[in-house]
Novice: 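Let me give you the structure first, and then I'll get to my questions.
Count residues from 1 along the sequence.
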Amino acid sequence: MVSEVGNGARTLFWSDKWIHGQRVADIAPQVFAIVPKRRIKRTVFEALTNHSWVSELQGALTVGDINEFLGLWDVISTVVLQPDVEDSFIWRLSSDG
């Protein structure tokens, strides 16, 4: 299932496929690995508000972590939430979604 983000209120930032059909873990697995498990349920809206997702990263960052972080930042920085549009979910295994 893929999420199309509108207002970001129903899509999970860390675990849903919302970034061009991919999860954060697909794009930046090392970054995902340093997020505390209790934060995995954060929504896209919550995570993008004041860039709070950045403060969820814990531990010392390696050069690889920083490289992935910058790539993830570039992708996420293009996301514009639409307050009046609900998130939608598409089931890719059927022709009608």
Novice: Yes or no on side-chain contact (heavy atoms from CB on, under 4.5 Å) for Ile76 and His51, after CA distance, side-chain angles and deciding distance?
Specialist: CA-CA 10 Å; Ile76 291 173; His51 306 290; over 6 Å; no
Novice: Mind checking what makes side-chain contact (heavy atoms from CB on, under 4.5 Å) contact with Val85, not counting sequence neighbours?
Specialist: Gln82
Novice: Let me confirm one number: the CD1-OG1 distance from Ile19 to Thr78, rounded to the nearest 0.5 Å.
Specialist: 9.0 Å
Novice: Would you call the rings of Trp14 and Trp53 parallel, tilted or perpendicular, taking 30° and 60° as the class edges?
Specialist: perpendicular
Novice: Starting at OG1 of Thr11, measure out to CG of Asp16 and round the result to the nearest 0.5 Å.
Specialist: 5.5 Å
Novice: If hydrophobic clusters are built by linking Ile, Leu, Val, Met, Phe, Trp and Tyr wherever their side-chain heavy atoms come under 4.5 Å apart, do Leu12 and Val75 end up in the same one?
Specialist: no
Novice: Any side-chain heavy-atom pair from Val54 and Trp73 closer than 4.5 angstrom?
Specialist: yes
Novice: Test of understanding: clusters of I, L, V, M, F, W, Y form through side-chain heavy atoms closer than 4.5 Å, transitively. Do Val31 and Leu48 belong to the same one?
Specialist: yes
Novice: What pairs with Arg23 under salt bridge (Lys or Arg N to Asp or Glu O under 4.0 Å), at least two apart in sequence or on another chain?
Specialist: Asp26
Novice: Scan residues 61-82 for pairs that pass salt bridge (Lys or Arg N to Asp or Glu O under 4.0 Å), counting only residues two or more places apart or in two chains.
Specialist: none
Novice: According to ring-ring contact (aromatic ring centres under 6.0 Å, His included), who are the partners of Trp18, at least two apart in sequence or on a separate chain?
Specialist: Phe13
Novice: I'd like to know if Val5 and Phe89 are part of one continuous hydrophobic network [Ile/Leu/Val/Met/Phe/Trp/Tyr, side-chain heavy atoms within less than 4.5 Å].
Specialist: no
Novice: How would you list all residue pairs meeting salt bridge (Lys or Arg N to Asp or Glu O under 4.0 Å) that involve residues 29-38, not counting sequence neighbours?
Specialist: none
Novice: Working to the nearest 0.5 angstrom, can you tell me the gap between Ser15 OG and Lys41 NZ?
Specialist: 6.0 Å
Novice: Kindly indicate whether the side chain of Gln58, heavy atoms from C-beta on, has any atom under 4.5 Å from the side chain of Val35.
Specialist: no
Novice: If you define the side chain from C-beta out and look only at heavy atoms, does anything of Gln22 sit under 4.5 Å from Ile27?
Specialist: yes
Novice: Locate the shortest heavy-atom distance separating Gln30 from Thr62; write the atom from each residue and the value.
Specialist: NE2-OG1, 3.8 Å
Novice: For Ser55 and Ser52, indicate whether the former's side chain and the latter's backbone hold a donor-acceptor pair under 3.5 Å.
Specialist: yes
Novice: Would you call Met1 and Ile90 a side-chain contact if the rule is heavy atoms closer than 4.5 Å?
Specialist: no
Novice: Under the side-chain contact (heavy atoms from CB on, under 4.5 Å) test, which residues partner Asn7, sequence neighbours left out?
Specialist: Ala9, Glu86, Asp87
Novice: For Phe45, give me all partners under side-chain contact (heavy atoms from CB on, under 4.5 Å), at least two apart in sequence or on another chain.
Specialist: Thr43, Thr49, Leu81
Novice: Does Ile40 share a hydrophobic cluster with Phe69, counting links as ILVMFWY side-chain heavy atoms below 4.5 Å and allowing steps through other members?
Specialist: yes
